[in-house]
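The structure appears right after this line, and notes come after that.
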Amino acid sequence: MSTFQDLGLNDDLLQAITDLGFTKPSEVQEKAIPILLESETDLVALAQTGTGKTAAFGFPMLEKIDVSSRTTQGLILSPTRELCLQITNEMKLYGKYCKGLNVVAVYGGSSITDQAREIKRGAQIIVATPGRMKDMINRRLVDISKIQYSVLDEADEMLNMGFKEDITDILSHTPDDKNTWLFSATMPREVATIAKKFMHSPQEITVGNKNESTSNVSHEYYLVNSRDRYQALKRLADANPDIFSVVFCRTKRDTQKVAENLIEDGYNAGALHGDLSQNQRDLVMKSFRNNQIQMLVATDVAARGIDVDDITHVINYQLPDEIETYTHRSGRTGRAGKTGVSMVIVSKSEVRKIKSIERIIKREFEKKEIPDGADICEVQLMSLANKIHNTEVNHEIDKHLTSINELFADTDKDELIKKFFSVEFTRFYNYYQKSKNLNVAEGSRDREGGRDFSKNSNSTRYFINVGSKDGFDWMKLKDFLKEVLELGRDDVFKVEVKDSFSFFNTENETKEKVLAFFTDFKHEGRFVNVEVSENRGGGGRRNDRRGGGGRRDDKRSGGKRDDKKGGYGNRSDRRRSEGGSKPRRSDSDNGAVSRPRRSRR
Ligand code: ADP
Ligand code: MG
């Protein structure tokens, strides 16, 4: 086991390393630093995220460049603005004792002229995203013709993101005899191609197996019906009160929706995806870093920049299409020597994907059960007990102690504890009291697949006060219901659209959810009313109607809705003051499905 001294770094760098609190080099550093210091060579280094790659190329680059010159000698390309800023920041920390060092970040979404001005002042090292770098070159705002060291950081990601041409273009403006150091977590064919094309007999180092997941991360999967995905997510969060997680969805739309639902249900959640402005993304990331957000719901592309060390859980709300993407997702946890858990929520039809992932990442998944209500209540109660036990007393309370004591004069300690805990606990208890088992047995019939339509005694028929006048035909209405209710392909059936009203069926078990959802749901400015129809809905008869689409605006717009709101009034305030506990909006799993806010563009 070597030390940073053994690797041959100079005193300025060693001093910075001491300041940073790094005691010993990580494996990739141990392997890469001596090679890069001792020889002028190209290098391909494969190592997981969180293994310290920045320092593995950063220290050698700082050691080798001439800080007394103002010429740009080092160029580091990275896939995202977020990473670009992080690397810049790290480089400045590593080089804090290198007098005259100037590291400049070049990335989109910020003034190009400001960046050009900074470079003009003499930047020995530029850290850049490919898009903006190319822009700068085209506008002749930068001279990289004297580059001696170029780094392609997260090369696989850059290629994934379609930066191949930009990279080729940028490198064509650099000297042929420079050294290129490529760092990547995985080695897909495109990376190998790039290495061949741009590098001269590179040395290769690998930490762990290629494409293999770090051993700090354990992998779990949970088998549920597709329609229970969201409930399952909430339970996983509730069963881990101190969760600090990234929740991955496949599309921007799902990402936004899951995040909104979580927020409505009182979780400290946020969304991160490409439809948000840079400003919004920065704010979300800031809250995440400050631990104000416990569940960051993200798309794969948007999450590429996330480099937060203490993420406890990665939750795959949906599995990615590419298995390599799974490696990246799970690599967001278990960083910097910590352990982490990567959870996958799967439906029956996806479960075989787990096997393929296992083969590629060379780790086994553990099949686990979604915790039931009793488990969660216990976890929450004990978490609360611990929190109280560890709470520092606020002595402002002292002056009120006499009156409080008077109030509790007749209450003994056990009783007092029970009452005190009930304040918080009853909400969880009520919420989970009627909760159902979300787990699906591995051998059972896939409910999303073959539903038996002829057998509808298990289904409920509903009346809904929208119809063809509102632009619906049966397909549109079915899609609409599926979407707002988050139901699976065949979960809404027997849809029959009339002029100003319609009918549809769902299975009985979704009844509560359907009815709860439509208590104050508005579509195009009007309250949508859904009621159970007495008619089973075989022949599509007219007489199971309720007075021709009569709206219930009278009932809906009045006290009822406001009462409900009032019950959860200033939820956000409570959330803040409770430091992360989750007030529930309703008493049952089903009822707790929230209305997606419609205001988003
Ligand atoms: P990667 O680029 O491989 O994903 P980073 O370079 O971002 O990893 O490093 C991950 C974290 O580990 C950073 O917070 C970094 O400061 C820290 N780190 C890097 N090297 C060491 C070390 N030798 N000892 C302790 N922490 C380190
Ligand atoms: Mg990195």
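Values reported hereafter were calculated over all heavy atoms of this structure, with side chains retained and with hydrogens, waters and symmetry mates removed. Indexing begins at 1, ligand by ligand and atom by atom, following the structure's order. Starting from 1, each residue takes its place in the sequence as its number. Computed from a predicted structure; not experimentally measured.
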Does either side chain, that of [X] or that of [Y], offer a donor lying less than 3.5 Å from an acceptor on the other one?
X      : Y      : answer
Asp11  : Gln15  : no
Asn102 : Arg121 : no
Asp169 : Ser172 : no
Gln256 : His273 : yes
Ser342 : Tyr326 : yes
Thr180 : Ser150 : yes

Give the contacting part of [X] toward ligand 1: side chain, backbone, both or neither, where contact means a heavy-atom distance below 4.0 Å.
X     : value
Lys24 : backbone
Phe4  : side chain
Gln48 : backbone

Is [X] in polar range of ligand 1, meaning some N or O pair under 3.5 Å apart?
X      : value
Glu154 : no
Gly50  : yes
Thr23  : no
Lys53  : yes

Just jot down the ligand 1 atoms closer than 4.0 angstrom to any heavy atom of [X], in number order.
X     : value
Glu90 : 16 (O)
Thr51 : 1 (P), 3 (O), 8 (O)
Thr54 : 2 (O), 5 (P), 6 (O), 7 (O)

Residues Glu369 and Lys367 bridged, charged N to O under 4.0 Å: yes
Do the ring centers of Tyr94 and Phe59 come within less than 6.0 Å of each other? yes
Phe183 near ligand 1 by a heavy-atom separation under 4.0 Å: no
Of Gly21, Gly52, Ala56, Ser26, the one whose closest heavy atom lies nearest atom 9 (O) of ligand 1 is Gly52
